Novice: 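Just passing along the structure, written as structure tokens.
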Amino acid sequence: MNSKNLTRNILIGMTLGAIVGIIINIVGPDTSGLSVLVKDIFPLVGSIFVRSLQLLVVPLVLLSLICGTSALDDVRRLGRIGFKTVAFYMATTAIAISIAISLAVIFKPGSGMQLDYETNFVAKESPPLTDVILNIFPKNPFAAMAEGNMLQVIVFAILFGLAATLVGPPGRRVIALANDLNDIVMKLVMLLLMAAPFGVFALVARTFAKEGFSAILALSQYFFLVLAALAIHAFVAYGLIFKTFTGLSVKQLYRNLRKVQIFAFSTASSNATIPINLENAEHRLGVKPAVASFTIPLGATINMDGTAIMQGVATVFIAQALGVDIGLQGYLMVVLTATLASIGTAGVPGVGLIMLAMVFQQVGLPVAAIGVIYGVDRLLDMARTAVNVTGDAVVSVIVAKSEGEFDQEVFDAKK
Ligand code: ASP
């Protein structure tokens, strides 16, 4: 199957999944016969698919980063790429959350709502900021890999790649082996992609079948405002930033990103999407491995613009509903904490809501009120994850282009 047909089939899988899921939701997911599908078959197929993606994350990040680091001729370039990438990630997140807060302040989704936040929601403890920083430094590379601690795996792989480059002939042998192994794991990603239409179908069908659409109706102002902010950021803000810094076609960017966005949407996990985003960055966006191997996994770990948008709207929404005025200082605090929280948010489903507790605490809102929006979070999680991975890809192209690590022919190719 060529890659154009594959993307088409994945899109069909997602659409059919949504249609079947909504039909089941209307008929009743507990109806006999259907409940087997919703409770057993869809989750089984979906989980097998997500696990297979997760299986590849650690080996792929490790190997591609070792290869990527060693492909850079100069250690100083690594520092420059790192600095640029982190700066773009932080800046785009701050822009995202500013869009979110502005929309929420203008449209006041929470005013006039009677909020009863005596919910059963118990916030999980969000980690203190010092832990978030300390957590970057690995103490045991094998433990980091076993736990899937991506920041630590990234740090270890870069150090290993650097040392391998510096050590001479033995390093060259190891790097050659790492390149071969990397090709094998990449091939596995491509093979897994063949099963993607089915995996995507099962994941989307299950979520839509189980989702409480009445909850969305009750919170429609919040729900649709988050979606609007996500759309504005994804299409207008990224579009402008991308055009300004690369001069490339935004339309082509989106065409090349469709597959990755569908994966992120159906899995609601930036982490599980790393293999696809990495493969796509190299083979469709034209980002050379030296940059993509670093920017994509790092972005999946620390760059969460969609998550920050949800946190911005949620904070203003709850404050309005409770009649609390958090003031300009409060809004600035939201921008700061949500940007930091998005760094600490792991790229797995639902974590954004846990980190929201940190933002609420900073601005003095009751953490229990998060329970109010809990019921509508799954669909928003899917949408924001699609935005999260889009941001990673956009910044990857910008950094690659500025570093001469970009292949225009690959980007422009009709797929
Ligand atoms: N699911 C999101 C991600 O993986 C994180 C979140 O917002 O919960 O990117």
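Everything quoted here is computed from the prediction, not taken from an experiment. For ligands, and for the atoms within them, numbers begin at 1 and follow the listed sequence.
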Novice: Any side-chain donor-acceptor pair under 3.5 Å between Ser64 and Ser293?
Specialist: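 No, Ser293 and Ser64 have no side-chain donor paired with an acceptor closer than 3.5 Å.
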Novice: Counting non-hydrogen protein atoms only, what is the nearest one to atom 6 (C) of ligand 1? Give residue, atom name and distance.
Specialist: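 Here the nearest protein heavy atom works out to Gly352 N, 3.3 Å.
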Novice: Could you check which of Ser269, Ala264, Ser270 puts a non-hydrogen atom nearest to atom 9 (O) of ligand 1?
Specialist: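 Checking each option, the heavy atom nearest atom 9 (O) of ligand 1 is found in Ser270.
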Novice: Among all the protein's non-hydrogen atoms, which is closest to atom 1 (N) of ligand 1, and how far away is it?
Specialist: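 Checking every protein heavy atom, the shortest distance to atom 1 (N) of ligand 1 gives Asp381 OD1, 2.7 Å.
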Novice: Looking just at side-chain N and O atoms, do Thr93 and Asn303 make a donor-acceptor pair shorter than 3.5 Å?
Specialist: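 On atom types as modelled, these side chains qualify, holding a pair under 3.5 Å.
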Novice: Counting each atom of ligand 1 from 1 as listed, which ones have a heavy atom of Gly347 under 4.0 Å away?
Specialist: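 Contacts of ligand 1 toward Gly347, numbered from 1: 3 (C), 4 (O).
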Novice: Distance alone, cut at 3.5 Å: any donor-acceptor contact between the side chains of Gln54 and Arg51?
Specialist: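 The criterion, which ignores hydrogens and geometry beyond distance, is not satisfied for Arg51 and Gln54.
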Novice: Is there a nitrogen or oxygen of Met304 sitting under 3.5 Å from a nitrogen or oxygen of ligand 1?
Specialist: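 In this structure, Met304 places no N or O atom under 3.5 Å from an N or O of ligand 1.
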Novice: Between the side chains of Tyr89 and Asp305, does any donor sit under 3.5 Å from an acceptor?
Specialist: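 No pair is found: no donor N or O on one side chain lies under 3.5 Å from an acceptor on the other.
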Novice: For ligand 1, find out whether one of its N or O atoms is nearer than 3.5 Å to an N or O atom of Val351.
Specialist: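 Yes.
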Novice: Purely on distance, is any nitrogen or oxygen of Asn271 under 3.5 Å from one on ligand 1?
Specialist: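 For ligand 1, there is no N or O atom that lies under 3.5 Å from one belonging to Asn271.
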Novice: Hey, could you give me the NZ/CD distance between Lys108 and Gln320, rounded to the nearest 0.5 Å?
Specialist: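 Here the interatomic distance stands at 6.5 Å.
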Novice: In plain terms, say whether Lys187 and Glu279 are close enough for a salt bridge, that is, a side-chain N and a carboxylate O under 4.0 Å apart.
Specialist: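 Between Glu279 and Lys187 there is no salt bridge, as every charged N stays at least 4.0 Å from the carboxylate O atoms.
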Novice: Would you mind running through ligand 1 and noting each atom that sits below 4.0 Å from a heavy atom of Thr307?
Specialist: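 Heavy-atom distances to Thr307 below 4.0 Å select 5 (C), 6 (C), 7 (O).
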Novice: Within the 4.0 Å heavy-atom shell around Ala268, which atoms of ligand 1 are there?
Specialist: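 Ligand 1 atoms under the 4.0 Å threshold to Ala268: 1 (N), 4 (O).
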Novice: As an exercise, identify every atom of ligand 1 less than 4.0 angstrom from a heavy atom of Asn388.
Specialist: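 In order of number, 2 (C), 3 (C), 9 (O).
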Novice: Count the heavy atoms of every other residue, nucleotide or ligand shown that sit under 6.0 Å from CZ of Phe160, and state whether that count exceeds 12.
Specialist: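 Not more than 12 within 6.0 Å, no.
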Novice: Tell me the protein heavy atom at minimum distance from atom 5 (C) of ligand 1, and give that distance in Å.
Specialist: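 For this ligand atom, the closest protein heavy atom is Val348 O, 3.6 Å.
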Novice: Mark up the atoms of ligand 1 that fall under 4.0 Å of a heavy atom belonging to Gly350, in ascending order.
Specialist: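 Here the atoms of ligand 1 in question are 8 (O).
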Novice: Using distance alone, with no hydrogens and no angle criterion, decide if Asp392 and Ser270 have a side-chain donor and acceptor under 3.5 Å apart.
Specialist: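 Their side chains do not contain a donor-acceptor pair, so the 3.5 Å distance test is not met.
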Novice: Identify the closest protein heavy atom to atom 2 (C) of ligand 1: which residue and atom is it, and at what distance?
Specialist: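 Ranked first by proximity to atom 2 (C) of ligand 1 is Thr385 OG1, 3.3 Å.
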Novice: Just let me know how Arg384 lines up against ligand 1, side chain, backbone, both or neither, with a heavy-atom cut-off below 4.0 Å.
Specialist: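 Within the 4.0 Å criterion, Arg384 contacts ligand 1 through side-chain atoms alone.
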Novice: Between Arg384 and Asp377, does at least one N-O distance fall below 4.0 Å, as a salt bridge requires?
Specialist: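 Yes.
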